[in-house]
Each structure stands twice: as structure tokens, then as C-alpha cells.
Student: 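Below is a structure I'd like to ask you about.
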Amino acid sequence: MTRKFDFLVIGSGIAGISFALKAAPYGKVALLCKTTLDESNTSYAQGGIASVMYEPDNFQKHIDDTLIAGDGHCDIAAVEKVICNAPTQIEELLKWGVDFDKTEEGLFDLHREGGHSEHRILHHKDNTGFEIQQSLNEQVSNHPNIEIFENYFAIEILTQHHLGEIVTQHSSNIQCYGAYVLNQQSNHIHTFLAKATLLATGGIGSVYATTTNPGIATGDGIAMAHRARAVIQDMEFVQFHPTALYHPGERPTYLITEAIRGYGAVLRCKDGREFMQKYDERGSLAPRDIVARAIDNEMKIRGHEFVYLDVTHKDAEETKEHFPNIYKKCLELGIDITKDMIPVSPTQHYLCGGIVVDLNGKTSINQLYAAGECSRTGLHGANRLASNSLLEAIVYADLAVKDAVPTIEKVEFNELIPAWDDEGTKLPEEMVLITHSFREVEQIMSTYVGIVRSNLRLKRAMSRLEIIYRETEDLFDRSVVSREICELRNVISVAYLIIKHALRRKESRGLHYTIDYPKRMRNDS
Ligand code: FAD
Ligand code: SIN
């Protein structure tokens with residue numbers, strides 16, 4: 001079946017929904033998500049969204065903090081664009097009904113997180129993302145120009161390749177015509193033709209054995225864009241959150257927000273001693289890459305599996321008031337955070353790199369945009385500053401709408417795109433082949449491509465991955481398309497890109513630390 005829309009939006013997190021809401025006055029929008037509308041990284045966000053609100057804060061301070069965290073690898077134009085647009089986008093969120101916490105005086109109650117020189121994090125308790133997602137869902141659910149497709153899994157971006165042309169990364173004029181999409185209820189593959197397509201498919205956490213991301217985070221958008229020959233960059237900069245709750249076996253790993261350190265919590269070894277000052281004068285509030293590496297080092301030196309985060313010295317009622325969900329979650333595990341220290345360890349959390357976009361959210365493929373975690377805007381550089389990601393997503397979705405709207409008048413649907421061809425394929429005999437390969441990829445990445453890297457580990461990871469890649473491509477060619485096999489292919493592509501880009505970088509910078517090149521070699525690259 002072929003469906004036609006002016007705008008095809010793949011992903012229903014903050015990037016996808018905010019794009020859909022802003023594009024809808026100008027044309028028909030299809031909004032796809034691979035499970036339900038609200039299963040997204042956005043829903044899990046805790047700390048909040050950064051924006052300059054009141055003096056003594058100002059744009060320059062937020063810009064400087066972002067550049068420092070990014071370790072000399074940010075694109076300054078992108079940094080300025082995002083930060084200076086933040087207050088306007090916060091207004092949009094408020095108009096859509098998002099309820100940020102306020103003080104008794106009626107001002108926004110701003111938190112502070114690692115790497116921020118001022119209090120500038122707007123939040124809703126400790127579950128800001130859930131509040132944003134619910135408000136956006138409400139707006140989008142009754143919109144007459146937006147059709148929502150839950151349980152629709154995008155498989156491939158449509159380009160000239162699907163018309164039989166050879167497309168390479170050096171092809172100068174690749175055009176996006178929409179996507180092939182699997183309806184997971186009927187198991188039919190639909191052709192969605194669109195005049196403009198947005199990839200807003202979120203993160204890649206499922207590439208690792210432990211992550212704060214929900215299971216849907218399999219990097220589909222990045223893998224699809226890569227197969228369509230879009231430019232992908234900075235994949236080596238995988239962010240590990242320093243303080244995920246240590247509770248082996250739980251997936252996703254429960255996050256203990258950085259805002260709790262902004263509130264006064266400190267990191268301690270198992271014997272109760274503070275250790276962060278040894279690594280950075282900003283102590284527990286140093287940027288994330290530094291804190292994660294310090295914890296990793298302390299754990300390795302002592303042979304421990306976690307360190308402690310201690311908030312017991314703060315007023316118990318205030319702690320419960322600010323962090324009610326963390327309090328409840330820990331209590332369920334027998335940890336009363338007002339009396340007991342919280343066991344934490346670093347875990348995969350975010351990807352700074354992804355599909356390269358320009359200052360209008362455009363990828364290197366015509367009529368294909370990307371926003372949110374799957375994109376690489378240049379804002380984060382080599383390490384993302386806390387709470388800059390929800391902000392980046394909403395700002396770039398806005399820029400992409402502004403760029404896409406005037407183009408749709410001039411673009412025709414490409415009716416020549418053939419229906420998906422699954423001739424000669426059959427149901428995979430053994431599903432276990434797929435699930436085992438998935439687990440193998442996670443293990444390879446967590447063992448060899450984690451916080452501290454080396455050439456030897458990266459090369460070993462690549463050679464292990466190549467075997468799984470060949471087996472999976474063979475299985476894919478013979479199998480009827482399923483979400484499972486597509487996700488496996490996608491995590492393999494993402495893992496491949498991370499390793500390839502990591503091997504290419506002959507220095508340590510931001511989130512990429514290698515024992516073979518421990519220094520930052522160049523000013524920027
Ligand atoms: P997501 O919100 O992840 O949405 C992705 C969407 O794409 C989903 O709807 C999914 O179904 C869809 N999708 C994916 N693949 C396909 C496919 N093949 N076909 C169809 N649909 C598909 N950032 C902050 O700024 N502040 C925070 O406090 C913060 N806290 C965080 C806490 C946690 C636990 C986590 C996991 C992340 C946190 N982040 C935070 C990061 C931030 O939440 C994400 O980067 C951001 O929400 C990403 O938004 P997005 O719209 O790009 O993608
Ligand atoms: C957190 O609340 O610590 C996460 C913030 C972020 O990822 O930006």
C-alpha cells in the first residue's frame with residue numbers, strides 16, 4: 001500500500017512531535033513510532049531542559065559552558081543558535097501545557113547540573129521528560145492534520161537507489177522520497193511517500209549491555225541514513241552517565257539524575273571517602289566525561305562494581321520533595337536515600353554524534369532532515385553538557401520546519417518508487433539466532449568500546465563484529481522482514497560506525513579516551 005503525506009516524521013519524542021505540531025498548519029503529517037507514542041528517550045528524561053532565564057545568567061555563560069564541556073570540538077554557530085533560541089522554545093513548551101516547577105515567589109525553580117556555571121535547568125520534579133512527552137502527546141493526539149501510526153517500523157529511506165540508480169556517498173544529489181515502513185500488526189510493508197522527511201529516531205543505547213535508554217533505542221535513523229549514504233560523524237563520542245543506579249539485571253538502568261549532585265550530593269568510595277577533587281577542582285559537579293572516567297578508575301583500582309552517591313547530609317523532606325521518583329524507586333530496593341548512600345556506576349546514556357545536519361536541520365540528502373539525538377548538529381562537540389539535549393531537539397525541529405515548509409510547494413511525490421520486494425524470502429527458522437547476535441553485539445561494545453579504549457580493543461571489537469555482520473546480512477537476505485532482524489542490522493551498523501570513528505581519532509578528546517593516545521593532540525578536528 002502506498003500512502004502520501006507532505007511531511008513524514010519518523011519518531012515521536014520531543015524532536016518528532018514538536019516538528020509535527022509546527023509543520024501541521026502547512027500540510028498533512030504522518031507521525032510514526034515503532035511502539036507507542038510515549039515510548040521514547042524523551043519520556044525517561046529526568047533532570048530537565050537548559051535555558052538562560054534570569055540574571056546573573058546570560059547567553060554567553062551558557063555558550064561558554066557548552067564549549068568547555070565539548071572539549072574544543074563544538075560548532076560555534078550551532079552552539080549560539082541553540083542557546084539563543086532556548087527561551088523562545090521554552091515558551092512553546094509552556095504554551096503546549098508543560099508544567100515546569102516554580103518557587104514560592106512564582107519564578108522557575110532552576111536546577112544546576114555538572115558543567116553548568118549557573119542554575120538554568122527547568123524541570124518538573126525529577127521526571128521532566130515524562131511531563132514533556134505527556135503534554136506533547138495531548139497536543140498531537142487530536143490534531144486534524146496529523147495522522148499517528150503506532151507500531152509502524154521504518155525500514156529504509158527511499159532514494160534513487162530504489163529506482164535502480166547506483167548511489168554512493170559521493171553522489172552529489174541524493175533525494176529522499178519517503179520511507180518503507182513495516183506495519184507490525186499486519187506485517188505488511190507500506191510505501192510512505194513524502195515531500196519532506198524528518199528522522200527523529202532518538203538514541204543508540206541498545207548497542208551496549210547496560211544503558212539508561214529504553215529498548216527502542218537501536219539507532220535505526222542513523223543506520224538508515226548511513227545505508228542511504230548520508231554523512232555521519234562523531235560517532236566515537238558516546239556519553240556514559242556517571243551515576244546510574246547499580247542494580248544488576250535491570251534494563252534500562254535507572255538513572256540518578258545529575259541534578260541531585262547540583263543539589264549537593266557527593267560521590268564517595270565504598271569506605272566513605274570523597275574522591276572527585278583528586279580528578280577535577282569542580283569535584284562532583286565536573287562535566288560528565290570527567291566524572292564517569294574518575295568513577296571507572298576508582299572502581300578498577302579497588303575492584304569494586306560501584307561507588308556511592310551520598311545525599312544523606314541534606315534535609316530529608318527537601319530531598320523527597322525535589323526527587324520524589326528517585327526516592328520511591330530506591331526505597332523499593334531497600335535504599336532510603338535520606339539515610340543510606342546510593343550505589344551507582346557509569347552506564348551508556350547518550351550519543352553526541354550521528355547524522356550530520358546543517359544549521360537548518362538538513363542532512364546531506366535532499367528533503368531529508370534530522371533532529372534530536374540521532375542528529376549531529378555540532379552543539380555537543382566531544383561531550384554533551386547536561387540538559388542540552390532536549391533543548392537541541394526542540395530548537396532543531398523548529399529550524400527544520402522553517403526550512404522544509406517553503407520547499408514542499410516545489411516537490412512532487414515520486415510515484416515511480418516500487419513496492420517493497422520480498423520475493424524469495426521466508427520466515428527465519430530460528431529467532432534465537434537474532435537474539436543471540438544482538439547480545440553478542442552488546443557484549444562486544446561494552447567490553448571493548450566503553451569509557452576507556454585502546455587500538456587493540458577497538459580492532460578486536462571490529463573483527464568480532466565483522467563475523468556477526470556477515471551472518472546477519474545473509475540471514476536478512478533470506479528472511480521475511482521483521483522488526484527484530486532490522487534492529488539487529490541497525491545496531492551492527494551503529495556499532496561499526498562507533499568503532500570506525502574511534503579508530504580514526506588518534507587522540508583523547510571529550511568522551512573518547514584511548515590509552516594509546518592519552519593527550520588531546522590538536523586544537524580541533
Ligand atoms: P526519542 O525521544 O528517543 O524518540 C525516538 C522516537 O523514534 C520514538 O518515538 C521511537 O519509537 C521512534 N523510532 C525509533 N526508530 C524508529 C523506527 N525505525 N521506526 C519508527 N519509529 C522509530 N536530556 C536532557 O536534555 N535532559 C535530561 O534531563 C535528560 N535526561 C535523560 C534521562 C534518561 C534516562 C535518558 C535515557 C535520556 C535523558 N536525556 C536528557 C536525553 C534526552 O532524553 C534524549 O536525548 C531526547 O529525549 C531524545 O529525543 P528525540 O526526540 O531525539 O528521540
Ligand atoms: C540527568 O538528569 O542527569 C540527565 C541529564 C541529561 O542527560 O542531560
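On a predicted model such as this, the values are computed, not experimentally measured, just so you know. Ligands are counted one by one from 1 in listed order, and the atoms in each one are counted from 1 as well.
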Student: For atom 1 (P) of ligand 1, what is the closest protein heavy atom, and at what distance to 0.1 Å?
Tutor: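 Sorting protein heavy atoms by distance from atom 1 (P) of ligand 1 puts Asn41 N, 3.6 Å first.
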Student: I need the atoms of ligand 1 closer than 4.0 Å to a non-hydrogen atom of Tyr152, numbered in the order shown.
Tutor: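 Near Tyr152, meaning under 4.0 Å from one of its heavy atoms, ligand 1 has 19 (N), 20 (C).
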Student: Counting only heavy atoms, which portion of Glu150 has something under 4.0 Å from ligand 1: side chain, backbone, both, or neither?
Tutor: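 It is neither; nothing of Glu150 touches ligand 1.
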Student: Between Tyr177 and His162, is the gap from one ring center to the other below 6.0 Å?
Tutor: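 Aromatic pair excluded; centres sit 6.0 Å or further apart.
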Student: In ligand 2, which numbered atoms sit nearer than 4.0 Å to a non-hydrogen atom of Ala386?
Tutor: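 Going through ligand 2 atom by atom, the ones under 4.0 Å from Ala386 are 8 (O).
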Student: What is the nearest protein non-hydrogen atom to atom 51 (O) of ligand 1, stated with its residue, atom name and distance?
Tutor: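 Checking every protein heavy atom, the shortest distance to atom 51 (O) of ligand 1 gives Ala15 N, 3.0 Å.
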Student: How far is atom 26 (N) of ligand 1 from its nearest protein heavy atom, and which residue and atom name does that atom have?
Tutor: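 Atom 26 (N) of ligand 1 sits closest to the protein heavy atom Gly48 O, 2.7 Å.
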Student: Short list, please: which atoms of ligand 1 are under 4.0 Å from a heavy atom of Tyr350?
Tutor: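 With Tyr350 as reference, the close atoms of ligand 1 come out as 45 (O).
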Student: What protein heavy atom sits nearest atom 34 (C) of ligand 1, and how far off is it?
Tutor: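 Its nearest protein heavy-atom neighbour is Tyr44 O, 3.4 Å.
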Student: Would you mind running through ligand 1 and noting each atom that sits below 4.0 Å from a heavy atom of Phe153?
Tutor: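 Result: 18 (N), 19 (N).
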Student: Which residue owns the protein heavy atom closest to atom 19 (N) of ligand 1, what's the atom, and how far is it?
Tutor: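 The protein heavy atom lying closest is Ala154 N, 2.9 Å.
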Student: Please answer whether the main-chain N or O of Lys362 pairs with a side-chain N or O of Asn360 as donor and acceptor at a distance below 3.5 Å.
Tutor: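 No; zero donor-acceptor contacts below 3.5 Å.
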Student: Taking the ring of His322 and the ring of Tyr263, is the distance between their centroids below 6.0 Å?
Tutor: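 That pair passes the under 6.0 Å test.
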Student: Where does Arg288 meet ligand 2, judged by heavy-atom distances below 4.0 Å: at the side chain, the backbone, both, or neither?
Tutor: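 The answer is the side chain.
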Student: If we set the cut-off at 4.0 Å for heavy atoms, which region of Glu39 has an atom near ligand 1: side chain, backbone, both, or neither?
Tutor: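 Answer for Glu39: backbone.
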Student: Please list the nearest protein heavy atom to atom 52 (O) of ligand 1 with its residue and the distance rounded to 0.1 Å.
Tutor: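 For atom 52 (O) of ligand 1, the nearest protein heavy atom comes out as Glu373 N, 2.9 Å.
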Student: Counting non-hydrogen protein atoms only, what is the nearest one to atom 18 (N) of ligand 1? Give residue, atom name and distance.
Tutor: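 Among all protein heavy atoms, the one nearest atom 18 (N) of ligand 1 is Asp220 OD2, 2.9 Å.
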Student: Do the charged groups of Glu113 and Arg120 touch, with an N to O distance under 4.0 Å?
Tutor: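 The answer is no: the pair does not qualify as a salt bridge.
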Student: For Lys34, which of Glu487, Gln184, Glu150 qualifies under side-chain hydrogen bond (donor to acceptor under 3.5 Å, both in side chains)?
Tutor: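 Considering Glu487, Gln184, Glu150, a side-chain hydrogen bond (donor to acceptor under 3.5 Å, both in side chains) with Lys34 is found only for Glu487.
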Student: With a cut-off of 4.0 Å, which atoms of ligand 2 are near a heavy atom of Glu258?
Tutor: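 Result: 1 (C), 2 (O), 3 (O).
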Student: Does the side chain of Asn213 come within less than 4.5 Å of Tyr44's, by heavy atoms?
Tutor: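 No. Closest side-chain heavy atoms not under 4.5 Å.
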Student: Using non-hydrogen atoms of the residue, decide whether Ser387 is closer than 4.0 angstrom to ligand 1.
Tutor: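 Under 4.0 Å: yes for Ser387.
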Student: Just distances here: any N/O of Ile256 and N/O of ligand 2 closer than 3.5 Å?
Tutor: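 Between Ile256 and ligand 2, no N or O pair is found under 3.5 Å apart.
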Student: List the steps and the verdict of side chain to side chain donor-acceptor pair (under 3.5 Å) for Asn388 and His62.
Tutor: CA-CA 10 Å; Asn388 263 358; His62 191 181; 3.0 Å; yes
Student: What part of Leu255, side chain, backbone, both or neither, has a heavy atom within less than 4.0 angstrom of ligand 1?
Tutor: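 The answer is the side chain of Leu255.
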Student: For atom 41 (C) of ligand 1, which protein heavy atom lies nearest, and how many Å away is it?
Tutor: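 Of the protein heavy atoms, Ser389 OG, 3.5 Å lies nearest.
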Student: Counting only N and O atoms by type, is there a donor-acceptor contact under 3.5 Å from the side chain of Thr319 to the main-chain atoms of Thr338?
Tutor: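 A pair under 3.5 Å: no.
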Student: Are the aromatic rings of His190 and Phe149 close, with centres under 6.0 Å apart?
Tutor: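 No - the distance between ring centres of His190 and Phe149 does not fall below the 6.0 Å cut-off.
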Student: Hey, looking at atom 8 (O) of ligand 2, which of Ala244, Ala259, Ser387 has the closest heavy atom?
Tutor: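 Ranked by closest heavy atom to atom 8 (O) of ligand 2, first place is Ser387.
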Student: Any non-hydrogen side-chain atom of Pro214 less than 4.5 Å from a side-chain atom of Glu39?
Tutor: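 Pro214 reaches Glu39 side chain to side chain.
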Student: With a 4.0 Å cut-off on N to O distance, would you call Lys402 and Asp398 a salt bridge?
Tutor: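 Between Asp398 and Lys402 there is a salt bridge, with a charged N closer than 4.0 Å to a carboxylate O.
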Student: Would you indicate which of His349, His241, Gln239, Glu113 comes nearest to atom 7 (O) of ligand 2 when only heavy atoms are counted?
Tutor: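 Comparing heavy atoms across His349, His241, Gln239, Glu113, the nearest one to atom 7 (O) of ligand 2 lies in His349.
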Student: Keeping the roles fixed (side chain from Glu373, backbone from Leu351), state whether a donor-acceptor pair exists under 3.5 Å.
Tutor: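 Pair found, side chain donor or acceptor close to backbone of Leu351.
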